[in-house]
Amino acid sequence: MSRIVYVNGEYLPEAEAKISVFDRGFLMADAVYEVTSVIDGKILAFDGHAERLERSMSELDMKAPCTIDELEAIHREMVARNNLSEGLIYLQVTRGIADRDFVYPDVEPSLVLFTQSKNVVDSPMAKTGMKVISIPDIRWGRRDIKTVQLLAPSMGKMAAKAAGCDDAWLVEDGFVTEGTSNNAYIVTQDGTIVTRNLGHEILSGITRAAVLRYAAEAQIKIEERPFTIEEAQSAKEAFVTSASTFVWPVVEIDGKTIGDGKAGEIARRLREIYLEESLKTAI
Ligand code: PMP
């Protein structure tokens, strides 16, 4: 079955869904995006993603294509029209279509959404854990804005694959910022969760916020601060979070086994709690 894609007010079969070559998303990566998960036909953490989208657009002086209520209706319609039971919804807003110029044009933004059917709950990686390598973080300085400039993370994933691993952790000035498409965490030998503090250096993950809240409720100690690869390699556990993977354990960093090489207990517990709790507020 061909997917139904949303493009600027229209729901179209994917082969008919088109964007202009003059769209600034295509020409200049002048675009922001969000990815939400769907389980049992319900969208997880919609409000958080909608709020972050608004912030990304506002940081770039980009016009919003519609209201949050309209966006929610489009999301629901996409789930219905694509009969999506489990998977992802990808949303992209671009500044719009204009002749190529570095100056922002005063045009209407473009809005595109498509779905990806996928098993997000029963992913093998949740059980086996990921092997990661560390690489220099060569991305731009405003990683808190969720733009579609994804070549650096893409190169990072390719480097990980070439090394026989699953993903890469990015290192800047000696400290881990985040994963190529997720936030990175370690659990110290005394059971404290450590993850990079928010700032321009990392994306403020919607899953990160929820997982840290659930961890605090479960009386787990949290430190939001930078950590090194060496500290991570001697940690009890390591894991990542994102909207599409929830919580995935990390079992190897630069060839060094973490803990006993199996998915960690805290990562396993947080994944369970996250799935249970976020389904309660899914729409
Ligand atoms: N950091 C980066 C660089 C990402 O691409 C993502 C996933 N979009 C995340 C963190 C996790 O954010 P979220 O939990 O909102 O998906």
Side-chain angles (χ1 to χ4, degrees), residues 35 37 39 44-45 86-88 118-135 153 156-157 159-161 163-171 175-196 202-203 205-279:
V35 177
S37 268
I39 299 176
L44 270 63
E86 190 172 325
L88 308 173
K118 189 174 178 173
N119 286 339
V120 284
V121 178
D122 276 327
S123 55
M125 209 69 88
K127 293 183 188 85
T128 59
M130 291 202 294
K131 293 179 179 177
V132 304
I133 57 166
S134 67
I135 55 169
K157 290 249 198 228
K161 256 181 182 279
C165 291
D166 307 297
D167 203 356
W169 278 13
L170 311 174
V171 177
F175 294 97
V176 174
T177 51
E178 56 190 335
T180 58
S181 61
N182 42 55
N183 289 115
Y185 309 73
I186 57 172
V187 180
T188 63
Q189 292 299 337
D190 72 357
T192 304
I193 293 176
V194 181
T195 193
R196 180 82 180 214
I202 66 166
L203 185 74
I206 304 307
T207 322
R208 177 189 184 278
V211 162
L212 290 184
R213 192 169 68 245
Y214 301 141
E217 282 166 14
Q219 315 295 331
I220 302 171
K221 231 181 113 204
I222 297 157
E223 281 176 20
E224 292 181 63
R225 61 161 173 86
F227 60 87
T228 63
I229 287 294
E230 292 67 38
E231 186 180 7
Q233 285 177 320
S234 59
K236 197 172 176 185
E237 283 185 38
F239 62 92
V240 297
T241 66
S242 78
S244 55
T245 62
F246 314 127
V247 180
W248 272 0
V250 168
V251 294
E252 189 186 295
I253 303 173
D254 284 342
K256 168 92 170 45
T257 302
I258 308 305
D260 61 4
K262 299 212 178 74
E265 182 52 28
I266 290 190
R268 197 195 56 72
R269 235 173 95 201
L270 286 175
R271 180 181 178 85
E272 218 172 82
I273 301 174
Y274 178 81
L275 280 168
E276 197 182 307
E277 292 299 317
S278 50
L279 272 170

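The structure displayed is predicted, hence computed values, not measured ones.
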Gly156 and Ile135: which non-hydrogen atoms are nearest, and at how many Å? CA-CD1, 3.4 Å

With Thr188 via side-chain hydrogen bond (donor to acceptor under 3.5 Å, both in side chains) - residues at least two apart: Asp190

Go through the steps for Arg225 and Glu231 under the test salt bridge (charged side-chain N to carboxylate O under 4.0 Å, His left out), then give the verdict. CA-CA 12 Å; Arg225 61 161 173 86; Glu231 186 180 7; 2.8 Å; yes

Kindly give the heavy-atom pair with the smallest separation between Ile222 and Ala216, and that separation in Å. CD1-N, 3.8 Å

Does the Ser37 side chain pair with the main chain of Ala243, one donor and one acceptor, at a distance under 3.5 Å? yes

Heavy-atom side-chain proximity of Ile39 to Phe246 below 4.5 angstrom: yes

Near Lys157 NZ, under 6.0 Å, is it more than 12 heavy atoms from other residues, nucleotides or ligands? yes

Verify the neighbour count for atom NZ of Lys256: are there more than 12 heavy atoms of other residues, nucleotides or ligands below 6.0 Å? yes

Give, for atom CD1 of Ile229 and atom CZ of Phe175, the distance between the pair rounded to the nearest 0.5 Å. 11.5 Å

Over all heavy atoms of both residues, which pair between Ile206 and Ala45 is shortest? Give the atoms and the distance, please. CG2-CB, 3.9 Å

Non-neighbouring partners of Glu230 that pass side-chain contact (heavy atoms from CB on, under 4.5 Å), sequence neighbours left out: Thr228

Treating Glu277 as the side-chain partner and Tyr214 as the backbone partner, does any N or O pair qualify as donor plus acceptor under 3.5 Å? no

Do Glu224 and Leu212 have side chains that get closer than 4.5 Å, going by heavy atoms? yes

Indicate yes or no: at least one non-hydrogen side-chain atom of Ile193 is less than 4.5 angstrom from one of Leu270. yes

Taking atom OG of Ser244 and atom CG of Leu88, what is their separation to the nearest 0.5 Å? 5.5 Å

Could you check Thr128 against Val251 for side chain to side chain contact (heavy atoms under 4.5 Å, CB included), going step by step and ending with a plain yes or no? CA-CA 8 Å; Thr128 59; Val251 294; over 6 Å; no

Could you tell me whether the side chain of Val176 reaches within less than 4.5 Å of the side chain of Leu170, counting heavy atoms only? no

Can you list the steps and then say if Lys118 with Ser123 is a side chain to side chain donor-acceptor pair (under 3.5 Å)? CA-CA 9 Å; Lys118 189 174 178 173; Ser123 55; over 6 Å; no

Listed partners of Arg268 passing side-chain contact (heavy atoms from CB on, under 4.5 Å), at least two apart: Glu265, Glu272

Assign the ring pair Phe239 / Tyr185 to parallel, tilted or perpendicular, where the plane angle (0 to 90°) is split at 30° and 60°. parallel

Measure across Ser242 and Asn182 and return the closest heavy-atom pair with its distance rounded to 0.1 Å. CB-CB, 4.0 Å

Scanning both residues in full, the closest heavy-atom pair of Ala160 with Ala168 reads CB-N, 4.1 Å

Inter-residue atom distance Ile258.CD1 - Met130.CE, 0.5 Å rounding: 12.0 Å

I'd like to know if the side chain of Gln233 and the backbone of Ile253 have a donor-acceptor N/O pair within less than 3.5 Å. yes

More than 12 heavy atoms of other residues, nucleotides or ligands under 6.0 Å from NZ of Lys161: is that the case? no

So do Asp122 and Lys127 actually touch side chain to side chain, heavy atoms under 4.5 Å? yes

Within the structure provided, determine whether Arg208 and Ile202 are in side-chain contact (heavy-atom separation under 4.5 Å). yes

Any donor-acceptor N/O pair, Asp166 side chain to Lys131 backbone, under 3.5 Å: yes

Can you check whether Leu203's main-chain N or O pairs, donor with acceptor, with Asn183's side chain at less than 3.5 Å? yes

Closest non-hydrogen contact found for Ile266 with Gly191 is CD1-O, 4.2 Å

Is a donor on one side and an acceptor on the other found under 3.5 Å between the side chain of Arg269 and the backbone of Ala215? no

